[in-house]
Amino acid sequence: MRDVDHMNDFQLADPVPVQLLREDGTLSEHPQFSSYVEDLEDEVLRELYRHMVVERRFDAEATSLQRQGQLALWVPALGQEAAQIGVIAALRSSDRVFPTYREHAMALYRGISPEELMGTFRATRHSGWDPHTYDFNGYSVVLATQTLHAAGWAMGITQDVATGSLPEGRAADEVVLACLGDGATSQGDAHESMVFASSYQLPVLYFIQNNHWAISVPQKTQSRTPLAHRAAGYGFEGIRVDGNDVLATYAVSRYMTEQIRAGGGPKLVEAVTYRMGAHTTADDPTKYRSREELEEWKSRDPISRYRSWLLTGSKVDQEYVDQVDQEAADLASDLRTAVLAMEPMDLERVFDTVYAEPHRQVEVEKSWLKDYEAGFAEEVDHE
């Protein structure tokens, strides 16, 4: 455990989130973080925009597919594009990501195909992709469990470095990204992960997307203080950032990863954003939040804000904007075709690949399901 004399050598996070791009699409100067985006070339800035737009169209198509009965469930990320793209762009491609179930923009950015993402929600495969191919773990549905997995992976890195047994292709200064939402911060797993990470100075960046609603429970009920302040209780730095500002999110995340790679231990970023859609397609947000609140956050839309700045500064032109829109539309069309062509998974495989060896409880559950399905009456031909 690190020396307690150094546990309070930082300030509590400013309750006002770090912002570089104002809501009207104009750029402001920040004494600490502006320098982190000044060296970004126009091509990189355009790519940030492209990834945000493509994911939003992908998200909308997935929602439509679920409403038409083609997906069992969908988890919208509408409104959170800037937060996700900002942090994933600040990482190296070899840094390991442990997502929740809403990090679609991050997944697509890492190269995971739309079809692979749909495999989970179409229930045609267990995970959908090989985590080692993309250094991006499978989605975690149970809240905050991924934070423990992230801490475990980070512990493995530190042990490999300490023993000189780091696997080929893995970096000694690898950063592990643990994604979680504001609701997951109330889970014991998140607490245990942060205690462990702080005790062993693990290279973990905890990235909280505070979208204001843990299903129907507002963030103000979850925590009486900014979530970034939680970090101080564990002995590491936390910063709040405007999660609807892709530039600020990138800058803060880049700063944090630099500290982690230099041996600074775990860090926490609270990206203040808003879930403009439902928690999942099984949810009706009109039951617990007002139209006025939604409209207020729509006016802070991360894509339109960023697009306004790009156009005004001649970073892009209307032709490029139209080109990206067409790419997004093509992706949505291809996605629909791919989803409708997916074959269902054999239920035998669902049960038989859980354990390497036969397992009594799994056999019992498989037998129960077979009996349950056999209980349905066959359709009667009345002709």
- Query: Side-chain contact, heavy-atom cut-off 4.5 Å: M52 with V324?
  - Reply: no
- Query: Less than 4.5 Å apart, any side-chain heavy atom of T158 and any of P203?
  - Reply: yes
Nearest 0.5 Å, what's the [atom1]-[atom2] distance between [X] and [Y]?
X    : Y    : atom1 : atom2 : answer
N137 : H149 : CG    : NE2   : 8.0 Å
M342 : R122 : CE    : CZ    : 7.5 Å
D135 : L91  : CG    : CG    : 10.5 Å
L180 : E270 : CG    : CD    : 10.5 Å
H104 : E81  : NE2   : CD    : 10.0 Å
L247 : E38  : CG    : CD    : 11.5 Å

In one Ile/Leu/Val/Met/Phe/Trp/Tyr side-chain cluster, 4.5 Å: [X], [Y]:
X    : Y    : result
Y206 : Y139 : no
L177 : F236 : no
Y49  : L27  : yes
L21  : V16  : no
V142 : L73  : no

Salt bridge present between [X] and [Y] (N-O < 4.0 angstrom):
X    : Y    : answer
K366 : D352 : yes
D182 : R275 : no
R96  : E174 : no
D301 : R307 : no

Backbone N/O of [Y] and side chain of [X]: donor-acceptor pair under 3.5 Å:
X    : Y    : answer
Q66  : W74  : no
D59  : A77  : yes
R46  : Y320 : no
R291 : T286 : no
S223 : Q219 : no

- Using links of under 4.5 Å between side-chain heavy atoms of ILVMFWY residues, direct or through other members, which residues join Y288 in one cluster? L78, W213, V272, Y274, M276, L294, W297
- Query: Which residue pairs pass the ring pair (Phe, Tyr, Trp, His ring centres under 6.0 Å) test when at least one of the two sits in residues 158-193, sequence neighbours left out?
  - Reply: H191-Y234
With no hydrogens and no angle check, just 3.5 Å: does a side-chain donor-acceptor pair link [X] and [Y]?
X    : Y    : answer
S113 : E116 : yes
N211 : Q80  : yes
R349 : T353 : no
D330 : Q326 : yes
T273 : Q209 : no
R102 : H279 : yes

Can you establish whether the number of heavy atoms outside [X] located under 6.0 Å from its atom [atom1] is more than 12?
X    : atom1 : answer
E295 : CD    : yes
Q318 : CD    : yes
E348 : CD    : yes

Just jot down the salt bridge (Lys or Arg N to Asp or Glu O under 4.0 Å) partners of [X], sequence neighbours excluded, or say none.
X    : result
E365 : none
R50  : E47, E327
D334 : none

- Between H30 and F33, how do the two ring planes meet: parallel, tilted or perpendicular, split at 30° and 60°? tilted
- Message: Please verify the inter-ring angle class for H359 with Y355; under 30° counts as parallel, over 60° as perpendicular, anything in between as tilted.
- Response: parallel
For [X] against [Y], the heavy-atom pair lying closest together:
X    : Y    : answer
G25  : S308 : CA-OG, 4.3 Å
V204 : A154 : CG2-CB, 3.5 Å
P226 : R240 : CB-NE, 3.4 Å
C179 : Q146 : O-NE2, 2.8 Å
P17  : P15  : CD-O, 3.4 Å
A271 : G243 : CB-CA, 3.9 Å

- Query: Which of these passes side-chain hydrogen bond (donor to acceptor under 3.5 Å, both in side chains) with Q19: D242, D245, N244, T249?
  - Reply: D242
- Step by step, would you call T100 with E103 a side chain to side chain donor-acceptor pair (under 3.5 Å)? CA-CA 6 Å; T100 66; E103 275 68 64; 2.6 Å; yes
- Message: Aromatic contact between H51 and F58, with the criterion being ring centroids under 6.0 Å apart: yes or no?
- Response: no
- Message: My understanding is that only residues two or more places apart in sequence, or in another chain, count here; which of them pass ring-ring contact (aromatic ring centres under 6.0 Å, His included) with F136?
- Response: none
- Task: Take V175 and R261, measure what side chain to side chain contact (heavy atoms under 4.5 Å, CB included) needs, and give me the verdict at the end.
- Result: CA-CA 7 Å; V175 170; R261 294 190 206 282; 3.5 Å; yes
- Task: Test side chain to side chain contact (heavy atoms under 4.5 Å, CB included) on W129 and L117 and set out the steps.
- Result: CA-CA 8 Å; W129 61 88; L117 267 173; 3.8 Å; yes
